[in-house]
Every structure is written in structure tokens, then in C-alpha cells.
Amino acid sequence: MFSLLLGFWERLFARPHVHILIIGLDHAGKSTLLEKLKTDYTKKAGLAPERITPTVGMNLAKISFDGAQVVFWDLGGQVKVRSIWERYYSEAHAVVFVIDSADISRFEEAKLAHDAVVQHEYLANIPVVIFANKQDLPAALSLSDVALNFENANAPTKIFPISSITGEGVHDALAATIEVGRRRRVLS
């Protein structure tokens, strides 16, 4: 009986957990984004950008944001590592697909990876948003140009312009993503 009451108490007063998956091609800035989130939303500073190495598995971070505990899984984006992405889909309340908006030579590869993600059966009802990263670079495509490259009539996607280095746009993109993740969490 005590465990039943304790479980009820914890459920009633616990802060909701929202699970967000961060994926995209290698060198898109996923880990830099995660470290920026750690720096901005925890008491512990994240790694400096020059100390971040490519992820060969998974990085994890937990932050508090607007009354919610948010758990981020940052997964590696190398071709050989992308096969593990789907292992995390069933736990995700939202997916952030990070693209390097200054690396036009990899847009087609990023589009193919993005389309495979949004078409995966486990993500049928999960919001997938795009963070068009590296907007601080002169070669970065504008948001409208990124949208032209990532249009998907079957799965309309919200695209947010951000810079993981400067933090520009990150807060607003994160707030919108967590909100859709919260709504998804309530439905699941």
C-alpha cells in the first residue's frame, strides 16, 4: 500500500520528463548544440567547441526547462553509426534533426537521412524538427533556402535557424521543441 501511495505522490508532484533525440549527419553540430545546452541550462559548463570530438555512440544530458526535466540523447551521425538511431525512436517525445546549413555539398545526403527518419514507422506520431545550424557562418543558406531543400509534403517539418556556437536562436527553437515534446508525452 505504501508503494502505491508513494508512486501516486511521485507521479503527482514529479516534474515531467521529455525525451528529445538529437540526430543528423556527422559534423552538423549536434554535440556542440548539446554542450551549449549544458552550459546555458545547467550549473555545469559544457565543453568548449574546440574540445568537442565527433560522437561515436551517444552523449546524454539532462536539463531543467520551464518546469520540465528534459533528457537529450545526442547520437553520432557517421554512416556506420546511423543504424543505432532507430533504437531510440520509441522513447523519444520529439526528434531534432540538425543540419549544417553552410555545408551545401552534403544537403542531399542530409535530406536522404532526414526522409528516412520522418518515414520510420516508430516516428509516425513523433514531431521531427530541423535545427538549421551554423547560421553564424557567411556561407550558411537562409532559412527559406534550407526549407526548399528539406520540404517534405508527407511530413511537414518546422525549421529553426540556430547557431550552436553563439547560441542565436537556440532558446526559441528549444522552447518550441520541448512544447511539442510535452504534448506528445501527454498523448503517449
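These numbers come from a predicted model, not from an experiment. Heavy atoms only: backbone and side chains are in, while hydrogens, waters and symmetry mates are out. Residue indices begin at 1 and follow the sequence shown.
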Next on the checklist: Quick check against the 3.5 Å criterion: does Asn149 have a side-chain atom that pairs as donor or acceptor with the backbone of Asp145?
Outcome noted: yes
Checklist outcome for this item: OG of Ser31 to CE of Met58, rounded to nearest 0.5 Å, is 11.5 Å
Checklist outcome for this item: Taken to the nearest 0.5 Å, the spacing of Ser101 OG from Phe150 CZ works out to 9.5 Å
Item to check | pair Glu35-Ile52: side-chain heavy atoms closer than 4.5 Å | outcome: yes
Checklist entry - Can you name the closest pair of heavy atoms from Ala139 and Ile104 and give their distance? => result O-CD1, 4.4 Å
Item to check | Contacts of type salt bridge (Lys or Arg N to Asp or Glu O under 4.0 Å), residue Glu109, not counting sequence neighbours | outcome: Arg82, Arg106
Checklist entry - Just wondering, do Leu75 and Val81 contact through their side chains at under 4.5 Å, heavy atoms? => result no
Checklist entry - Looking only at heavy atoms, what is the nearest atom pair of Leu21 and Ala92, with distance? => result CB-CB, 4.2 Å
Checklist entry - Roughly how far apart are Trp73 CH2 and Tyr89 OH, rounded to 0.5 Å? => result 12.5 Å
Item to check | NZ on Lys36 to CD1 on Ile162, rounded to 0.5 Å | outcome: 11.0 Å
Checklist entry - Minimum heavy-atom separation for Val71 to His17, with atom names? => result CG2-CD2, 4.0 Å
Next on the checklist: Over 60° means perpendicular and under 30° means parallel, so tell me whether Phe97 and His114 are parallel, tilted or perpendicular.
Outcome noted: perpendicular
Item to check | Residue pair Ile99 / Ile130, side-chain heavy-atom distance below 4.5 Å | outcome: yes
Item to check | ILVMFWY cluster, Ile84 and Leu112 together (side-chain gap under 4.5 Å) | outcome: no
Checklist outcome for this item: Residues Gly29 and Lys134: closest non-hydrogen pair is N-CE, 4.5 Å
Item to check | Validation row: Asp74, Leu60 side chains within 4.5 angstrom (heavy atoms) | outcome: no
Checklist entry - Quick one: are Ile23 and Val98 in side-chain contact, heavy atoms under 4.5 Å? => result no
Next on the checklist: Looking at every heavy atom in both Val18 and Ala68, which two are closest together, and how far apart are they?
Outcome noted: CG2-CB, 4.5 Å
Checklist entry - Distance-only, no hydrogens or angles: does the Thr42 side chain make a donor-acceptor pair with backbone N or O of Ile63 under 3.5 Å? => result no
Checklist entry - So do the side chains of His19 and Tyr88 get within less than 4.5 Å of each other, counting heavy atoms only? => result no
Checklist entry - Is there a chain of hydrophobic side chains (I, L, V, M, F, W, Y, each step under 4.5 Å between heavy atoms) that links Leu25 to Val79? => result no
Item to check | Verify same cluster id: Leu141, Leu137 (apolar side-chain graph, 4.5 Å) | outcome: no
Next on the checklist: Do Thr166 and Asp136 pair up side chain to side chain, a donor and an acceptor below 3.5 Å, judged on atom types alone?
Outcome noted: no
Next on the checklist: Can you confirm whether Ile159 sits close enough to Leu143 that some side-chain heavy atom of one is under 4.5 Å from a side-chain heavy atom of the other?
Outcome noted: yes
Next on the checklist: Once rounded to the nearest 0.5 Å, what's the spacing between atom CD1 of Ile178 and atom CZ of Phe65?
Outcome noted: 4.5 Å
Next on the checklist: Is there a side-chain contact between Tyr41 and His171 in this structure, where contact means two heavy atoms from C-beta onward sitting under 4.5 Å apart?
Outcome noted: yes
Item to check | ILVMFWY cluster, Ile165 and Ile22 together (side-chain gap under 4.5 Å) | outcome: no
Checklist entry - Is the backbone of Leu33 close enough, under 3.5 Å, to the side chain of Lys38 for a donor and an acceptor to pair up by distance? => result no
Item to check | Spacing of CD belonging to Gln69 relative to NZ belonging to Lys62, to within rounding of 0.5 Å | outcome: 7.5 Å
Checklist outcome for this item: What one should report as the nearest heavy-atom pair of Trp85 and Gly24 is CZ2-O, 3.4 Å
Checklist entry - Can you check side-chain contact (heavy atoms from CB on, under 4.5 Å) on Ile20 and Thr177, steps first, answer last? => result CA-CA 8 Å; Ile20 298 179; Thr177 303; 4.0 Å; yes
Checklist entry - Quick check: does any side chain N or O of Gln135 sit under 3.5 Å from a backbone N or O of Ser164, one acting as donor and the other as acceptor? => result no
